[in-house]
Amino acid sequence: MKKLITILLLSFFVAGCSNFDSTTEPLSNNSQKTLIKMPSHSKTMVEETFTRSKEVNGIVGDTINFNFSYISDAGTPVNIYGTLTIPAGAFQYTTTIRLDLNTDDAVIDCYPTPTTFDKPLLLDMTHEGLDLDGVDNSVDFYYIKTDSNFESLNKDNKVIQYSNGKLEVKGAKLPHFTRFGWTV
């Protein structure tokens with residue numbers, strides 16, 4: 001019996017020390033991903049960044065809706081819209097949350113950063129009017145750690161519609177604030 005227990009303990013020790021990939025951990029991916037570019041805006045447009053801010057009590061929770069549109073230099077409409085849902089109990093204080101969208105890349109910058117949450121915030125966001133020529137189904141919505149280091153996010157769904165240049169993420173779970181965006 002002692003021999004069997006020793007063998008079992010040794011097996012658990014060896015298994016516990018071995019390397020394995022955890023499917024519950026976010027996936028880091030550094031394999032030459034690039035951000036999806038936004039269509040160039042017309043020369044008459046002054047704003048290059050759209051900002052939406054709101055004071056939020058994290059104990060109570062809230063939602064922040066945003067909508068940003070412009071006309072590309074090709075004369076076509078470009079729309080970015082969505083909702084950030086802050087569930088009750090996501091954090092234990094009141095703060096001003098700021099969301100920045102720009103006309104360079106299909107990204108959203110979320111502030112204040114660094115901020116980590118007790119419960120993940122949920123992001124639904126749509127980009128319409130993008131040029132998706134040459135973009136395949138590998139396009140996805142990522143946490144952007146650095147310009148060359150991306151990490152997958154848990155999400156409910158992603159939608160790609162090539163006919164109207166639409167990328168949509170539904171239920172992206174944001175464990176913290178930073179930069180998030182579409183890559184290929």
Please work out which of the three classes, parallel, tilted or perpendicular, describes the rings of Phe117 and Phe91, given edges at 30° and 60°.
tilted
I want to check a possible cation-pi pair here: Arg98 against Tyr111, using under 6.0 Å from ring centre and within 45° of the ring axis as the test.
yes
Sub-4.5 Å side-chain heavy-atom contact between Thr126 and Asn79:
no
Between Phe50 and Tyr81, is there shared hydrophobic-cluster membership here, with clusters defined by ILVMFWY side-chain heavy atoms closer than 4.5 Å?
no
Centre-to-centre under 6.0 Å for Tyr143 and His176, is that the case here?
yes
Rounding to 0.5 Å, atoms CD1 (Ile59) and OG1 (Thr94) come to a distance of 7.0 Å
Nearest-0.5 Å distance, CG of residue Leu123 to OG1 of residue Thr85
8.5 Å
So, do Lys37 and Asp105 sit near enough that their side-chain heavy atoms are less than 4.5 Å apart?
yes
Carefully, step by step, assess Leu167 and Val159 under the rule side chain to side chain contact (heavy atoms under 4.5 Å, CB included).
CA-CA 6 Å; Leu167 294 176; Val159 175; over 6 Å; no
Do the side chains of Leu132 and Tyr70 join up, straight or via other hydrophobic residues, at under 4.5 Å, putting them in one cluster?
yes
What are the two closest heavy atoms between Asp118 and Gly89, and how far apart are they?
CB-O, 3.5 Å
Side chain to side chain, Lys54 and Asp62, heavy atoms closer than 4.5 Å:
yes
Donor-acceptor pair, Lys119 side chain versus Ile86 backbone, under 3.5 Å?
no
Heavy atoms, side chains only, cut-off 4.5 Å: are Trp182 and Leu130 in contact?
no
What's the spacing between Lys155 NZ and Leu174 CG if we round to 0.5 Å?
11.0 Å
Check: Thr113 side chain, Phe177 main-chain N or O, donor-acceptor pair, under 3.5 Å:
yes
Among the clusters formed by ILVMFWY side chains lying less than 4.5 Å apart, do Ile80 and Leu122 turn up in the same one?
no
Shortest non-hydrogen contact between Met38 and Val78, atoms and distance
CE-CG1, 3.6 Å
Answer whether the closest heavy-atom distance between the side chains of Asp131 and Pro39 falls below 4.5 Å.
no
Considering all heavy atoms of both residues, which atom of Thr96 and which atom of Ser53 are nearest to each other, and what is their separation?
CG2-CB, 4.1 Å
Could you tell me whether the side chain of Ile71 reaches within less than 4.5 Å of the side chain of Pro77, counting heavy atoms only?
yes
In sequence, state the C-alpha distance, the side-chain angles, and the governing distance for Asn57 and Tyr93, and then conclude on side chain to side chain contact (heavy atoms under 4.5 Å, CB included).
CA-CA 6 Å; Asn57 180 335; Tyr93 49 88; over 6 Å; no
Evaluation steps, salt bridge (Lys or Arg N to Asp or Glu O under 4.0 Å), between Asp124 and Lys170:
CA-CA 4 Å; Asp124 295 333; Lys170 295 179 181 180; over 6 Å; no
Any heavy-atom pair between the side chains of Leu84 and Ile97 that's under 4.5 Å?
yes
Closest non-hydrogen atom pair between Ile144 and Gly181, with its separation
CD1-N, 3.6 Å
Only one of Ile64, Asn65, Asn67 passes side-chain contact (heavy atoms from CB on, under 4.5 Å) with Thr83; say which it is.
Asn65
Can you tell me if Asn102 uses its side chain to pair, donor with acceptor, with the backbone of Asp104 under 3.5 Å?
yes
Over all atoms of both residues, closest heavy-atom pair of Pro87 and Pro120
CG-O, 3.5 Å
Dump the intermediate steps for side chain to side chain contact (heavy atoms under 4.5 Å, CB included) on Leu35 and Phe150, then the final yes or no.
CA-CA 10 Å; Leu35 294 171; Phe150 304 90; 3.9 Å; yes
Does Val135 offer a backbone N or O that forms a donor-acceptor pair with the side chain of Tyr162 under 3.5 Å?
yes
Any heavy-atom pair between the side chains of Leu101 and Thr49 that's under 4.5 Å?
no
Just how far is it from atom CZ of Arg52 to atom CG of Leu99, taken to the nearest 0.5 Å?
8.0 Å
Yes or no on salt bridge (Lys or Arg N to Asp or Glu O under 4.0 Å) for Asp156 and Lys173, after CA distance, side-chain angles and deciding distance?
CA-CA 8 Å; Asp156 293 338; Lys173 287 139 186 77; 2.7 Å; yes
Ion pair check, Asp140 and Lys33, cut-off under 4.0 Å
no
Before you tell me yes or no, could you show the steps for Cys110 and Thr178 under side chain to side chain contact (heavy atoms under 4.5 Å, CB included), namely the whole-Å CA-CA distance, both residues' side-chain angles and the distance that decides it to 0.1 Å?
CA-CA 5 Å; Cys110 304; Thr178 189; over 6 Å; no
Point-to-point distance, once rounded to the nearest 0.5 Å, from CZ of Phe180 to CE of Met125
9.5 Å
NZ (Lys166) and CD (Glu128) are apart, to the nearest 0.5 Å, by 5.5 Å
